[in-house]
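Values in this document were obtained by computation on a predicted structure and should not be read as measured data. Proteins get letters first, then strands, A, B, ... in listed order; numbering begins at 1 in each.
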Amino acid sequence: EAQVTQNPRYLITVTGKKLTVTCSQNMNHEYMSWYRQDPGLGLRQIYYSMNVEVTDKGDVPEGYKVSRKEKRNFPLILESPSPNQTSLYFCASSFRGDTGELFFGEGSRLTVL
Amino acid sequence: ILNVEQSPQSLHVQEGDSTNFTCSFPSSNFYALHWYRWETAKSPEALFVMTLNGDEKKKGRISATLNTKEGYSYLYIKGSQPEDSATYLCASPGGATNKLIFGTGTLLAVQP
């Protein structure tokens, strides 16, 4: 089954404690992306990747890092989480970034205390 | 930053009503226009990706049109059903950067 898998789905953590949200897709997609969803603001892009070892900033990259060492995986790293990073995070992939439909993971709800 | 705007913000209709909502985007450097359906507690799912001016796409009772010259797309739902209740998102790439910019969505509630 074609899918995008994120983990963890839910996480409560404390300020400053590094965490990683994993994302994996099994569709051999070139393009992967991370979004955050906050009330009233819509989905905002954090980082995206056009291919292995190619990543670029979205509109809200501050406080996040990503890596793309393998085609299927695109982890999101919060080196020192802060309360303003409390949000619902979605990973998505597509065969190409502009005209390919996005396949979304189930979302990861993160709370930073 | 590319602005993608959707209206209305929310819509309440009765079962059987037909409805439509709008997505507007800058018409310069247009690449594509995406529509997604997002049900509560689920992930967004793609409805359509449209690239050509005048494009019309249809999936069951849902259809969409695209006008790239004036920078808008309409999503139509014919004979709304309660299971159509969801947030409908549109998105467009920010030019050649592959930054897909989403609107804030239209929340549709269909009353039985």
Side-chain angles (χ1 to χ4, degrees), chain A residues 1-7 9-10 21 23 25 27 29-51 54-61 66 68 74 87-109, chain B residues 1-10 21 23-26 29-53 55 57 59 62 64 66 68 73 86-107:
Chain A
E1 181 190 350
Q3 58 186 6
V4 179
T5 304
Q6 294 178 229
N7 278 296
R9 295 285 314 282
Y10 303 91
V21 187
C23 175
Q25 51 95 2
M27 294 168 278
H29 283 162
E30 307 274 324
Y31 181 89
M32 296 186 75
S33 183
W34 276 102
Y35 296 88
R36 60 179 288 175
Q37 162 67 32
D38 301 291
L41 292 178
L43 286 167
R44 292 182 294 165
Q45 192 170 42
I46 303 170
Y47 269 94
Y48 64 97
S49 170
M50 303 275 286
N51 212 327
V54 180
T55 63
D56 211 342
K57 295 177 181 179
D59 290 316
V60 287
V66 292
R68 188 94 181 271
F74 190 44
S87 189
L88 176 60
Y89 291 87
F90 285 101
C91 179
S93 72
S94 72
F95 74 91
R96 56 180 290 169
D98 50 7
T99 56
E101 66 178 63
L102 283 174
F103 291 80
F104 284 85
E106 292 176 304
S108 296
R109 186 165 291 283
Chain B
I1 295 178
L2 177 74
N3 270 337
V4 176
E5 297 180 351
Q6 294 187 245
S7 63
Q9 207 168 24
S10 64
F21 17 95
C23 175
S24 61
F25 52 88
N29 294 320
F30 175 80
Y31 277 76
L33 193 284
H34 299 226
W35 280 103
Y36 292 85
R37 181 170 177 273
W38 190 3
E39 287 182 77
T40 303
K42 294 189 178 179
S43 331
E45 290 184 349
L47 288 170
F48 308 111
V49 178
M50 308 170 78
T51 56
L52 299 176
N53 184 44
D55 238 357
K57 294 210 171 181
K59 186 181 283 190
I62 304 177
L66 179 66
T68 61
S73 174
T87 297
Y88 291 83
L89 299 170
C90 69
S92 191
T97 64
N98 279 290
K99 289 184 186 183
L100 194 61
I101 310 296
F102 280 83
T104 52
T106 293
L107 175 61

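- At most 12 non-hydrogen atoms from other residues, nucleotides or ligands lie less than 6.0 angstrom from CD of B:Glu45.
- Between B:Phe102 and A:Leu43, the shortest heavy-atom contact is CB-O, 3.6 Å.
- When the shell of 6.0 Å around CD of B:Gln9 is examined, it contains 12 or fewer heavy atoms from other residues, nucleotides or ligands.
- Contact of B:Trp35 with chain A is not made at all, since no heavy-atom distance falls under 4.5 Å.
- Interface remark: A:Leu102 contributes backbone and side-chain atoms alike to the contact with chain B (heavy atom separation under 4.5 Å).
- For B:Leu89, the part sitting under 4.5 Å from any heavy atom of chain A is the side chain, from C-beta outward, and nothing else.
- A:Tyr35 is listed as a side-chain neighbour of B:Leu100, based on a closest heavy-atom distance under 4.5 Å.
- The heavy-atom pair separating B:Ile101 from A:Asp59 by the smallest distance is CD1-OD2, 3.1 Å.
- Closest non-hydrogen pair, A:Gly42 versus B:Thr104, comes out as N-CG2, 4.0 Å.
- Using a 4.5 Å cut-off on side-chain heavy atoms (C-beta onward), B:Tyr36 and A:Phe104 make contact.
- In terms of heavy atoms, B:Ser43 sits closest to A:Gly105 at OG-O, 2.7 Å.
- Within a 6.0 Å radius of NZ in A:Lys57, other residues, nucleotides and ligands contribute 12 heavy atoms or fewer.
- Annotation: A:Arg109, atom CZ; neighbour count of heavy atoms from other residues, nucleotides and ligands within 6.0 Å does not exceed 12.
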